*Asks:* 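Here it is, the structure, as structure tokens.
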Amino acid sequence: MRKMKILLGKELLDILRDKKTLIIMVLVPILLYPAMLMGIVLVSSGLLASQKEKTYQVAYSAEDVPVQELKEFYEENKEEGDTLLEFLPIEEGKEKNRESYDVWLTMEEQELGAKITVEYTSTNQDSDYAMAALKKLAEDYGDKLMAQNLAEEGLPEAFLTPVILETKDSVTASESMGMNLGGILGMLLMTNILLGAFYPVIDSVTGEKERGTLETLLTLPVNSFQMIMSKFIAVSIFACGTAILSLVSMTGSVLFMFGNMGADMGKLGIKGEMILGWIPVLLAAVLVAAVLVTALCMSVCVFAKSFKEANNYITPIMLVIMLASMAAMIPSFQLDYKTVLIPIVNVTLLVKQVLGQQLDPALAGITIGINLGVSILVVWILSKMYNSENILFKDGFQSFRLFERRSEIKKGTVPRTGDLILCLAVTLLLSFYLGAAASMKHPLGSTVVMQLLILSIPFILVWYIKSDTKALFSFYPPGAKQVVGGLLLYLGTYAAIMLAGGLLAELLPDSTQNVETAFALLMEYPVWLLVILITIMPAIGEEIFFRGLLFGSWERQFGGAWAVFLSSLIFGAFHLSLVKLLPTAMLGACFAYITWRSGSIYIGMGLHLVNNLFSLMAMKYPHRMGELLPILMKTEVTGMDVLILIIAAIAGVTAGVTLLNRGKEKAGGKKVL
């Protein structure tokens, strides 16, 4: 702690030397956004007052007799309206350009009433406002004529309105106003926090590289965790300071807005003790959001070597955070036990819920815990990154071998992170565009395109950069011990996946239903075609892409453990399903670990094929599979079933890992890492 205290003082001093950081931290939340809110309120109030005081010209032909009746009706009810109108009769032949008046009115008598035509200019504010006033006047005049017509026929007014609908809103005015304001204020709060962390992160992480002081810092008797924690705490202090200032200034701005609108806080149901109860919850939420934003920005800036490069890297993070914070502006998007699991989004939804006086303490606690937990995970990953000289001092995201001439690339080159990210992006984009075009020809067209791209793009990349295909993709025959160990690890992982999948199905029933519906449409095709398309091709292509290209490249750059984690995480996200993210990532980690410890991709490929085949048979022939393997096809799971799965998961994973780790050599004669 003493070392971290010294490092923290150094980081704070470095950040405070940059005056623009203080300007962004203080000026924006304290002055800019409150000034914008107050300015909008004052300008709107001024425009509304001026519109009410101004008299609008309504021109009409002097020979238009029916207008006289409308004019008289207006004069009789003038006091009840909030808009002043001046009816100007224009003699025939003396008409000027009609645009010189606010509106031009014509009126034709009909059998039971009249037809009113208003010519106005929608791009002219005065003309548009006068048209709205005339529309209200015409409706009131129409009600008067209708009452007269009914009276002449001896009919009650209820004759035209036999059903009267009366609605009572269960939400109070303050709750409605709070929900509307909460989405906007949540987005503004996240934007302020992002700006507060932006410059300190770049200066603390990338600025140290650019100034050349990072090497000196690494010579000190401190470990990477102490170093990154001191930077993280220093930047978090500024981000949290911005969050607090933003919360205070926006609270004042909202109170000013209510006061300027003449709103009675008591009538709205807003009490002083209620506001005091909001502040701790909002404060805790924005503070954990500031910590998470800091961690995310630092995890990206660690790859940059210059201030300009860091700006480029951090821009996508800013866009993602801002888009996530805008979720609260969607009226139907509320904080519940599904959305509470999404970092950043849950904070803005919590702000919306608090201001709408619908605070759920359990959801608030989960929101704070989720963001804090993700922050701790990211900081831990950062500490590991600071142990890698390849990340700290080499090209980082600039490592694109694909941009080099092939003649200048040496044989045996391993794809860098930049190449892998580019391949992922190209695969996704081509799958989207080509898959959409192919699906118009045949429903299975997009599946075929996806699998062909996953299979071909890795080989194109390794050919261009002259990689050792056999070594990179682990195309080595496995030993018997590795096969048995891989099978046991897969069975244990599958039991754990069943537990996780059942829990996610309860938490995310809609997403689960969407996945089942999508696969149910495929079951109409012949089983042999489905075996090829969703069993054999994915087993080969996905293993080559994720366990061959991604895992193989990252294993040589960051080590086996990091390669397992990164490749499995991307494998889960690649399937684009929230309910499938964790189970698929667990399966990917299992196959990657088997490839790492056995040195052969063929074991994972075979198990992947078995896994896909079993899933296909379970969907195609559920009753028959239920007879063969009843525990795996149960719709309702008992406590004993859960216990059996837990025991199977622990036993299978333990036995598989133990057996795989006993092998002293990989396939192909390579030592186990």
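If you're wondering where the values come from, they're calculated on a predicted model, not measured in any experiment.
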*Asks:* Kindly indicate, with the supporting measurements, whether the criterion side-chain contact (heavy atoms from CB on, under 4.5 Å) is fulfilled by Leu335 and Lys352.
*Replies:* CA-CA 9 Å; Leu335 187 66; Lys352 180 179 178 180; over 6 Å; no
*Asks:* Can you give the donor-acceptor pairs under 3.5 Å from side chains of residues 604-619 to other protein atoms, not counting sequence neighbours?
*Replies:*
unit_1: His608; atom_1: ND1; unit_2: Glu543; atom_2: OE2; d: 2.8
unit_1: His608; atom_1: NE2; unit_2: Glu542; atom_2: OE1; d: 3.4
unit_1: Asn611; atom_1: OD1; unit_2: Tyr490; atom_2: OH; d: 3.0
unit_1: Asn612; atom_1: ND2; unit_2: Thr535; atom_2: O; d: 3.4
unit_1: Ser615; atom_1: OG; unit_2: Asn611; atom_2: O; d: 3.1

*Asks:* Test of understanding: with side-chain contact (heavy atoms from CB on, under 4.5 Å), list the residues that count as partners of Val426, not counting sequence neighbours.
*Replies:*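 Once residues adjacent in sequence are excluded, the partners of Val426 under the side-chain contact (heavy atoms from CB on, under 4.5 Å) criterion are Leu422, Leu430, Ile457.
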*Asks:* Does the side chain of Asp468 reach to within under 4.5 Å of the side chain of Lys470, using non-hydrogen atoms?
*Replies:*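 Yes, side chains in contact.
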*Asks:* Apply ring pair (Phe, Tyr, Trp, His ring centres under 6.0 Å) to Phe432 and list each qualifying residue two or more places apart in sequence or on a separate chain.
*Replies:*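 Per chain and number, Phe432 pairs via ring pair (Phe, Tyr, Trp, His ring centres under 6.0 Å) with no residue.
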*Asks:* Please identify each residue that fulfils side-chain contact (heavy atoms from CB on, under 4.5 Å) with Ala589, with sequence neighbours left out.
*Replies:*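 With neighbours one apart ignored, the set is Val564, Ser568.
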*Asks:* Heavy-atom distance under 4.5 Å between the side chains of Met187 and Thr348, does that happen here?
*Replies:*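 SC-SC contact between Met187 and Thr348 ruled out.
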*Asks:* What is the distance from atom CG of Leu472 to atom OG1 of Thr413, rounded to the nearest 0.5 Å?
*Replies:*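 Nearest 0.5 Å value for the CG-OG1 distance: 11.0 Å.
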*Asks:* Just do the side-chain contact (heavy atoms from CB on, under 4.5 Å) check on Leu530 and Met523 with the steps written out, would you?
*Replies:* CA-CA 8 Å; Leu530 296 177; Met523 296 303 106; 4.1 Å; yes
*Asks:* In chain order, what residues pass the side-chain contact (heavy atoms from CB on, under 4.5 Å) check against Ala290, with sequence neighbours excluded?
*Replies:*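 With neighbours one apart ignored, the set is Ile193, Ala239, Cys240, Ala243.
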*Asks:* Pro415 versus Ser467: any side-chain heavy-atom pair under 4.5 Å?
*Replies:*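 They are in contact (side-chain heavy atoms under 4.5 Å apart), so the answer is yes.
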*Asks:* Applying ring pair (Phe, Tyr, Trp, His ring centres under 6.0 Å), can you list everything that pairs with Phe198, at least two apart in sequence or on another chain?
*Replies:*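 Listed in chain order: nothing, the list is empty.
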*Asks:* Out of curiosity, Leu292 CG to Leu372 CG, how far, rounded to the nearest 0.5 Å?
*Replies:*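 Spacing of CG (Leu292) from CG (Leu372) equals 9.5 Å.
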*Asks:* State yes or no: are the ring centers of Phe473 and Phe459 separated by less than 6.0 Å?
*Replies:*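 Yes, the ring centres sit under 6.0 Å apart.
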*Asks:* Measure the CG-OG distance between Leu349 and Ser325 for me, rounded to the nearest 0.5 Å.
*Replies:*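 Here the interatomic distance stands at 10.5 Å.
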*Asks:* Any chance you could measure Trp554, atom CH2, to Leu420, atom CG, to the nearest 0.5 Å?
*Replies:*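 Reported to 0.5 Å precision, the distance equals 5.5 Å.
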*Asks:* Any heavy-atom pair between the side chains of Ile646 and Ile650 that's under 4.5 Å?
*Replies:*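 Result yes, sub-4.5 Å side-chain heavy-atom pair found.
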*Asks:* Establish, yes or no, whether the cationic atom of Arg547 lies under 6.0 Å from the six-membered ring centre of Tyr593 and within 45° of the ring axis.
*Replies:*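 That pair does not qualify as a cation-pi contact.
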*Asks:* Any side-chain heavy-atom pair from His575 and Leu581 closer than 4.5 angstrom?
*Replies:*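 The answer is no, as the side chains (C-beta and beyond) never meet within the 4.5 Å cut-off.
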*Asks:* How long is the gap from CG on Leu489 to CZ on Phe591, to the nearest 0.5 Å?
*Replies:*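 Reported value, rounded in 0.5 Å steps: 9.5 Å.
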*Asks:* Mind checking side-chain hydrogen bond (donor to acceptor under 3.5 Å, both in side chains) for Asp336 and listing every partner two or more places apart, or none if nothing turns up?
*Replies:*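 Partners of Asp336 under the side-chain hydrogen bond (donor to acceptor under 3.5 Å, both in side chains) test: Thr339.
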*Asks:* Does the side chain of Leu660 come within less than 4.5 Å of Trp596's, by heavy atoms?
*Replies:*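 Trp596 does not reach Leu660 side chain to side chain.
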*Asks:* By side-chain contact (heavy atoms from CB on, under 4.5 Å), which residues pair with Leu444, not counting sequence neighbours?
*Replies:*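 Leu444 satisfies side-chain contact (heavy atoms from CB on, under 4.5 Å) with His442, Leu522, Tyr525, Leu529, Leu533 once adjacent residues are dropped.
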*Asks:* If we only count heavy atoms from C-beta on, is the Lys231 to Val201 side-chain gap below 4.5 Å?
*Replies:*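 Sidechains of Val201 and Lys231: no contact.
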*Asks:* Identify, with sequence neighbours excluded, every residue that meets ring pair (Phe, Tyr, Trp, His ring centres under 6.0 Å) alongside Phe574.
*Replies:*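 Expected list: Phe546.
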*Asks:* About how many Å separate CG of Asp203 and SG of Cys301, when rounded to the nearest 0.5 Å?
*Replies:*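 So the SG of Cys301 and the CG of Asp203 are separated by 10.5 Å.
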*Asks:* Quick one: does Ile532's side chain get under 4.5 Å of Met537's, heavy atoms only?
*Replies:*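 In contact.
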